[in-house]
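Working notes, beginning with the structure itself.
Count residues from 1 along the sequence.
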Amino acid sequence: HDIDYNEVFYISDNGMGWNKTSTSVRDKIESRFNIPIKNTNHLIELLKNNKLPNKIMLNAHPDTFFDFGIKWMLNYILIKSKNIIKWVIVKFKIIK
């Protein structure tokens with residue numbers, strides 16, 4: 001079944017941020033929702049205060065959640081490097 005993103009608020013942690021359009025190559029949806037999420041604490045606050053729609057799809061990548069250390073730093077460098085490449089792709093519309 002297709003998902004109606006005008007009924008379901010889509011949230012993704014892609015690129016070490018919530019719904020980052022500047023580095024999103026494949027995570028593109030059309031939706032009536034325009035709810036910026038500043039960071040994880042802000043997302044939790046929105047959830048606690050019922051400031052989000054009733055239907056939410058959360059696309060999270062738990063394999064990238066680490067306690068701070070070498071593994072976290074290596075992953076951070078990898079993601080930031082990928083974000084630069086994805087930003088170029090989005091900015092110059094290399095992939096549509």
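Between Lys20 and Asn83, the closest side-chain pair of non-hydrogen atoms falls below 4.5 Å. Taking the side chain as every heavy atom from C-beta outward, Pro53 and Ile35 approach each other to under 4.5 Å.
Remark: side-chain polar atoms of Asn75 are not paired, donor with acceptor, to backbone N or O of Lys71 under 3.5 angstrom. The main-chain N or O of Ile11 is never found under 3.5 Å from a side-chain atom of Asn59 such that the two would form a donor-acceptor pair. When atom types are taken as modelled, the side chain of Ser31 and the backbone of Asn6 share no donor-acceptor pair closer than 3.5 angstrom.
Residues Ile77 and Ile79 do not share a hydrophobic cluster, clusters being chains of Ile/Leu/Val/Met/Phe/Trp/Tyr side chains in contact below 4.5 Å. Note on Tyr10: it clusters hydrophobically with Val8, by side-chain heavy-atom contacts below 4.5 Å among ILVMFWY residues. Hydrophobic clustering of Ile, Leu, Val, Met, Phe, Trp and Tyr side chains at less than 4.5 Å, counting indirect connections, unites Phe33 with Leu58.
What you find for His42 and Ile37 is that their closest heavy atoms are ND1-CA, 3.5 Å. Taking every heavy atom of both residues into account, Glu30 and Tyr5 meet most closely at O-CB, 3.4 Å. Shortest non-hydrogen contact noted between Leu46 and Leu52 is CB-CG, 3.8 Å. Shortest non-hydrogen contact noted between Glu7 and Lys55 is O-CB, 3.4 Å. The two residues Lys86 and Asn14 have their closest heavy-atom pair at NZ-OD1, 3.3 Å.
Between Tyr76 and Trp72, the angle of the ring planes stays under 30°, which puts this pair in the parallel group of the 30/60° scheme.
A 6.0 Å sphere centred on CG of Asp4 holds more than 12 heavy atoms belonging to other residues, nucleotides or ligands.
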Check the pair Lys38 / Leu43 against side-chain contact (heavy atoms from CB on, under 4.5 Å), numbers first and verdict last.
-> CA-CA 7 Å; Lys38 299 173 193 167; Leu43 175 58; over 6 Å; no

Evaluate the criterion side-chain contact (heavy atoms from CB on, under 4.5 Å) for residue pair Leu78 and Leu74; output intermediate values, then yes/no.
-> CA-CA 6 Å; Leu78 174 68; Leu74 291 173; over 6 Å; no

Please walk me through it: do Ile56 and Leu47 pass side-chain contact (heavy atoms from CB on, under 4.5 Å)?
-> CA-CA 10 Å; Ile56 296 172; Leu47 286 164; 4.1 Å; yes

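Thr40 and Trp18 are linked by a side-chain donor-acceptor pair at a separation below 3.5 angstrom, with hydrogens and angles left out of the test.
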